[in-house]
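Hydrogens, waters and symmetry mates play no part in the numbers below; they use all other heavy atoms, side chains included.
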Amino acid sequence: MSAQLPSFPPDPGRPRYGVTPRPEWLRVRIADSDDYREILALVERKALNTVCQEARCPNIFECWGRERTATFMLMGDVCTRHCGFCAVAQGLGRPLDPGEPRRVAEAVAAMGVRHAVVTSVNRDELPDGGAGHFAATIREIRASNPGVTVEVLIPDFLGSEAALRTVLGERPDVLNHNTETVRRLYRRVRPDAAYDRSLGLLARAARFRDGVAPELRVKSGLMVGLGETREELEGTLVDLRRSGVDVVTIGQYLQPHERRLPIEKYYSPEEFEDLLREGEALGFSRVESGPLVRSSYHARRALDGG
């Protein structure tokens with residue numbers, strides 16, 4: 001049975017639900033290629049999920065075709081949370097597949113990537129939130145792909161310090177957790193999450209970096225266009241930097257379908273340039289800011305410099 005999509009009641013003063021037209025300058029060029037089709041066949045053959053497909057990422061043709069990279073999504077394609085922006089199906093998860101970490105490692109080897117990115121749906125019903133599955137995947141990738149760096153984009157594990165330690169214990173090269181939006185909008189955008197819980201996770205990862213793993217990069221991402229003010233956005237960047245985040249990504253929210261939150265503003269390329277400069281001024285080692293930037297877009301750059 002397919003997961004039921006949430007219905008968000010309209011708010012006075014906000015755009016009504018439905019597809020928000022895009023400006024002319026924001027268009028994604030579909031560039032099918034042999035490399036794209038090869039990776040699609042590999043993902044299907046290995047029975048894997050990718051966030052590229054499930055989240056309807058606008059960069060899929062560039063990443064799969066030109067750069068031969070993909071972000072693997074662990075633990076199924078159904079999420080236990082009810083975020084207002086996400087295209088991933090929502091409902092009860094299925095039992096974990098113990099062979100999945102090995103198949104991800106095999107796919108990384110077949111693609112020949114230098115930097116592997118792994119994320120997951122939220123699995124709040126699991127005792128560890130799936131942390132052990134992340135750890136097993138890191139181990140399998142490292143065993144089969146010497147020299148490949150590994151980035152994990154993790155959920156908040158409901159604030160469990162033990163779950164975070166399980167992942168950090170495998171020493172990923174990048175520990176990524178997306179804040180997504182500003183504090184005021186959490187109840188609307190991420191009703192099952194908590195702003196301070198996300199900041200706390202990032203701060204604990206930063207303390208692990210400072211005390212144990214100086215090579216670790218701590219990373220987070222934000223979407224814009226959901227109704228935040230510029231002052232709120234700047235304040236969130238300050239909060240992330242104070243929490244010890246090294247790398248931040250800032251991208252335009254793009255409504256995946258009409259049953260998801262409407263876009264309240266399209267930021268111009270000039271505004272994204274301003275945000276990039278503000279992030280650099282705050283001391284982030286790298287800032288990726290642009291309309292089509294996503295948390296795993298050009299992910300290996302997190303390890304460049306700094």
- Would you find a donor on one side and an acceptor on the other, under 3.5 Å apart, between the side chain of R209 and the backbone of G244? yes
- Note on the structure: Between T149 and D173, the two heavy atoms sitting closest are CA-OD2, 3.3 Å
- Item | Which atom of A116 lies closest to which atom of V108, heavy atoms considered | CB-CG2, 3.9 Å
- Is I250 linked to V238 within one hydrophobic cluster, defined over Ile, Leu, Val, Met, Phe, Trp and Tyr using a side-chain heavy-atom separation of less than 4.5 Å? yes
- Item | Ion pair check, R102 and E100, cut-off under 4.0 Å | no
- side-chain contact (heavy atoms from CB on, under 4.5 Å) involving E270 - partner list, sequence neighbours excluded: S268
- Contact list for residues 165-190, test ring pair (Phe, Tyr, Trp, His ring centres under 6.0 Å), sequence neighbours left out: Y186-Y195
- Please answer whether the main-chain N or O of T80 pairs with a side-chain N or O of N122 as donor and acceptor at a distance below 3.5 Å. no
- Ion pair check, E151 and R217, cut-off under 4.0 Å: no
- Residues D77, R94; criterion side chain to side chain contact (heavy atoms under 4.5 Å, CB included); working and verdict: CA-CA 9 Å; D77 58 359; R94 301 179 182 90; 3.2 Å; yes
- Message: Applying side chain to side chain contact (heavy atoms under 4.5 Å, CB included) to V150 and R142, what does each step give before you reach the verdict?
- Response: CA-CA 8 Å; V150 181; R142 291 254 172 82; 4.1 Å; yes
- Query: For the atom pair OG1 (T229) and NZ (K265), what is the distance rounded to the nearest 0.5 Å?
  - Reply: 10.0 Å
- dist L153:CG -> F134:CZ (nearest 0.5 Å) comes out at 7.0 Å
- Query: With sequence neighbours left out, what residues match R190 under salt bridge (Lys or Arg N to Asp or Glu O under 4.0 Å)?
  - Reply: none
- Least distance between heavy atoms, A193 atom then R197 atom: CA-NH2, 3.6 Å
- Message: Walk me through whether D246 and L216 qualify under side chain to side chain contact (heavy atoms under 4.5 Å, CB included).
- Response: CA-CA 9 Å; D246 302 297; L216 175 69; over 6 Å; no
- Mind checking whether F272 and Y267 have parallel, tilted or perpendicular rings, split at 30° and 60°? tilted
- Note: P172 and I138 closest approach over all heavy atoms is CB-CD1, 4.2 Å
- Query: Can you tell me how far the CE atom of M223 sits from the CG atom of L254, to the nearest 0.5 Å?
  - Reply: 10.0 Å
- Message: Quick check: closest heavy atoms across V121 and V78, and the distance to 0.1 Å?
- Response: CG2-O, 3.5 Å
- Could you please spell out the steps behind the side-chain hydrogen bond (donor to acceptor under 3.5 Å, both in side chains) verdict for T179 and S198? CA-CA 6 Å; T179 314; S198 286; 5.7 Å; no
- Sorted by chain and number, sequence neighbours left out, side-chain contact (heavy atoms from CB on, under 4.5 Å) with R139 holds for A135, A136, E170
- Item | Reported OG-to-CZ distance for the pair S285 and R241, which is rounded to 0.5 angstrom | 7.5 Å
Output a table of donor-acceptor pairs, distance under 3.5 Å, between side-chain atoms of residues 275-283 and any protein atom two or more places apart or on a different chain; print 'none' if there are none.
from: R277; atom 1: NH2; to: D274; atom 2: OD1; distance (Å): 2.4
from: E278; atom 1: OE2; to: R230; atom 2: NH2; distance (Å): 2.8

- Message: As a test of understanding, state which of T236, L240, V245 forms a side chain to side chain contact (heavy atoms under 4.5 Å, CB included) with L199.
- Response: L240
- Message: Test of understanding: with side-chain contact (heavy atoms from CB on, under 4.5 Å), list the residues that count as partners of A105, not counting sequence neighbours.
- Response: E140, I141, S144, N145
- Task: Can you see which heavy atom on F72 is nearest to which on A107, and at what distance?
- Result: CZ-CB, 3.8 Å
- Query: With respect to R184, which candidate in E231, E228, E232 satisfies the salt bridge (Lys or Arg N to Asp or Glu O under 4.0 Å) definition?
  - Reply: E232
- Task: Find out whether R188 and T181 are in side-chain contact, i.e. whether some heavy atom of one side chain is under 4.5 Å from a heavy atom of the other.
- Result: no
- L126 versus H133: any side-chain heavy-atom pair under 4.5 Å? no
- Query: Should L292 and F85 be counted in the same cluster of Ile, Leu, Val, Met, Phe, Trp and Tyr side chains packed under 4.5 Å apart?
  - Reply: yes
- Rounded to the nearest 0.5 Å, the CG atom of L261 sits from the CG atom of L185 at a distance of 9.5 Å
- Query: When clusters are formed by joining ILVMFWY residues with side-chain heavy atoms under 4.5 Å apart, either directly or through shared neighbours, do L158 and L202 land in the same one?
  - Reply: no
- Message: So R165 and F208, do their side chains get closer than 4.5 Å, heavy atoms only?
- Response: no
- Query: Considering only heavy atoms from C-beta outward, does the side chain of V212 approach that of R171 to under 4.5 Å?
  - Reply: yes
- Task: Measure the CZ-CG distance between R81 and D156 for me, rounded to the nearest 0.5 Å.
- Result: 4.0 Å
- Working for side chain to side chain contact (heavy atoms under 4.5 Å, CB included), residues Q252 and I263: CA-CA 9 Å; Q252 174 70 51; I263 299 165; 3.8 Å; yes
